[in-house]
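Reviewing the structure listed below.
Nothing here was measured: the structure is a model prediction, and the numbers come from that model. Heavy-atom basis, side chains included; hydrogens, waters and symmetry copies ignored.
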Amino acid sequence: MRKVYLTRDKSFVGCLGKLNVYVEDVANAETVIADIPCRKVCKIANGETVSFDIPDEEVRVIVIADKLSKNLCNDYYRVPAGVSDVEIGGKCTYNPGAGNPFRFHGVTDEDILANRKRTGRKGLVVLIIAALIGFVMGFVGNMDTLFVNDKVFTADEFEITLTTQFAEDYEDGTYYFGSRDSSVAVTVFDFDEYAGIAQMSEREFLNLLKSNEIFSISAELKNLEGLLVVEEQAESQAGDIRSYLTVFIKSDEAFYIFEFGCENEKYQEYRNQFIDWAKTIVIK
């Protein structure tokens, strides 16, 4: 036997949730992820290094957020046969619609890259929206009413007014609000959790997020009808393009990022609506 030392790089992305680590094990499989029979060995927190035993033969190490999304949000690393201990690492990548998935560093294996493409943003966005729409449909019988009524969504830290088209979810430190055609993801960066950011302006905080590859290097903060926003497009590994209007808000206790998104083709249709929804945000 030998040891694997797995490091999860500290990052703002998916920072609040622990990830689940599995090792390929045909004989003692607890579940199957990406067609790999495996068993769970530990959890790993943001910025943590964990160690666990693996056999001397080739084996794959898999990381997921949870079992619910294991087939749509996973990544694995192929550890070659040997007798020496192994050090590997990775970090969560910015993709809120897909749960900010963990990605191993230095992967060139075509099978793994193909798996990443299969489990890109589009699949999980569809899953989340379908689940949320199903939730809404279970409680709202009148479709006409569904599309016209405003609805206030309340979390511990904020309120936002959307419509009865939306339903809500919470996973790994991110609030999700989904409808048939658009989504809102909300991440809170508490000053007590992240030392030093309390002294930053919104623009400085954006630059910090850019340095952590959470936004593109070309992202610019601008004032839009009294809101500080970034407008960007993002192409998923599945090839679809979504457009986002991301609103930055600083309170006395935290930075708030509200990410409004939809398919690129519908962005001009939804842009003014995103602005109107953003104006309803109340920080508690």
Side-chain angles (χ1 to χ4, degrees), residues 14 16-17 65-66 68-69 72-73 95-100 121-190 202 224-232 234 240 242-284:
L16 300 181
D66 53 51
L68 179 65
S69 62
L72 289 167
C73 183
N95 193 337
N100 296 323
R121 169 176 290 182
K122 185 174 183 178
L124 193 53
V125 167
V126 170
L127 177 67
I128 291 173
I129 292 177
L132 295 177
I133 289 297
F135 177 84
V136 172
M137 294 296 289
F139 287 89
V140 182
N142 189 321
M143 291 297 293
D144 293 334
T145 302
L146 175 67
F147 284 97
V148 298
N149 286 354
D150 288 341
K151 181 177 178 179
V152 178
F153 291 88
T154 302
D156 291 339
E157 302 94 340
F158 65 90
E159 291 182 356
I160 184 171
T161 301
L162 301 170
T163 73
T164 47
Q165 285 181 275
F166 285 81
E168 59 186 312
D169 196 6
Y170 178 85
E171 183 179 348
D172 292 339
T174 300
Y175 298 89
Y176 295 100
F177 304 91
S179 72
R180 186 181 302 274
D181 294 319
S182 61
S183 61
V184 186
V186 185
T187 306
V188 182
F189 298 93
D190 193 282
E202 289 88 346
L224 182 63
E225 299 187 25
L227 302 168
L228 292 177
V229 307
V230 172
E231 292 186 274
E232 282 199 309
D240 61 312
R242 289 177 65 84
S243 290
Y244 297 92
L245 186 147
T246 303
V247 180
F248 283 67
I249 298 176
K250 183 181 181 181
S251 74
D252 293 336
E253 298 179 350
F255 276 109
Y256 296 77
I257 295 181
F258 289 78
E259 182 186 69
F260 299 83
C262 64
E263 293 179 0
N264 184 55
E265 294 79 7
K266 297 183 178 180
Y267 184 67
Q268 290 306 315
E269 174 187 348
Y270 273 94
R271 185 174 184 268
N272 288 336
Q273 183 66 78
F274 289 163
I275 295 170
D276 290 342
W277 285 335
K279 290 179 179 177
T280 70
I281 297 168
V282 177
I283 304 299
K284 296 182 179 180

Contact check, side chains of Glu259 and Thr187, non-hydrogen atoms, under 4.5 Å: no

Minimum heavy-atom distance Asp181-Cys262, with the two atoms named: O-CB, 3.4 Å

Qualifying residues under ring-ring contact (aromatic ring centres under 6.0 Å, His included), relative to Phe260, sequence neighbours excluded: Phe274

Minimum heavy-atom distance between Arg242 and Ser183, given as atom pair plus value: NH2-OG, 3.2 Å

Residues in side-chain contact (heavy atoms from CB on, under 4.5 Å) contact with Glu202, at least two apart in sequence or another chain: Leu221, Leu228, Phe248, Lys250, Phe255

CZ on Phe153 to OG1 on Thr163, rounded to 0.5 Å: 7.0 Å

Nearest heavy-atom neighbours spanning Ala254 and Asp190: CB-CA, 3.8 Å

Which residues share a salt bridge (charged side-chain N to carboxylate O under 4.0 Å, His left out) with Glu265, sequence neighbours left out: none

Side chain to side chain donor-acceptor pair (under 3.5 Å) partners for Asp276, two or more places apart: none

Listed partners of Glu231 passing salt bridge (charged side-chain N to carboxylate O under 4.0 Å, His left out), at least two apart: Lys222, Arg271

Would you give me the side-chain donor-acceptor pairs under 3.5 Å for residues 155-162, sequence neighbours excluded?
{"from": "Glu157", "atom 1": "OE1", "to": "Tyr175", "atom 2": "OH", "distance (Å)": "2.7"}
{"from": "Glu157", "atom 1": "OE2", "to": "Tyr175", "atom 2": "OH", "distance (Å)": "3.4"}

Any Trp277 side-chain heavy atom under 4.5 Å of Phe166 side chain: yes

Over 12 non-hydrogen atoms of neighbours within 6.0 angstrom of CD in Glu269: yes

Leu224 and Leu245, any side-chain heavy atoms less than 4.5 Å apart: yes

Rounded distance [0.5 Å steps], OG1 in Thr246 versus CG in Leu227: 12.0 Å

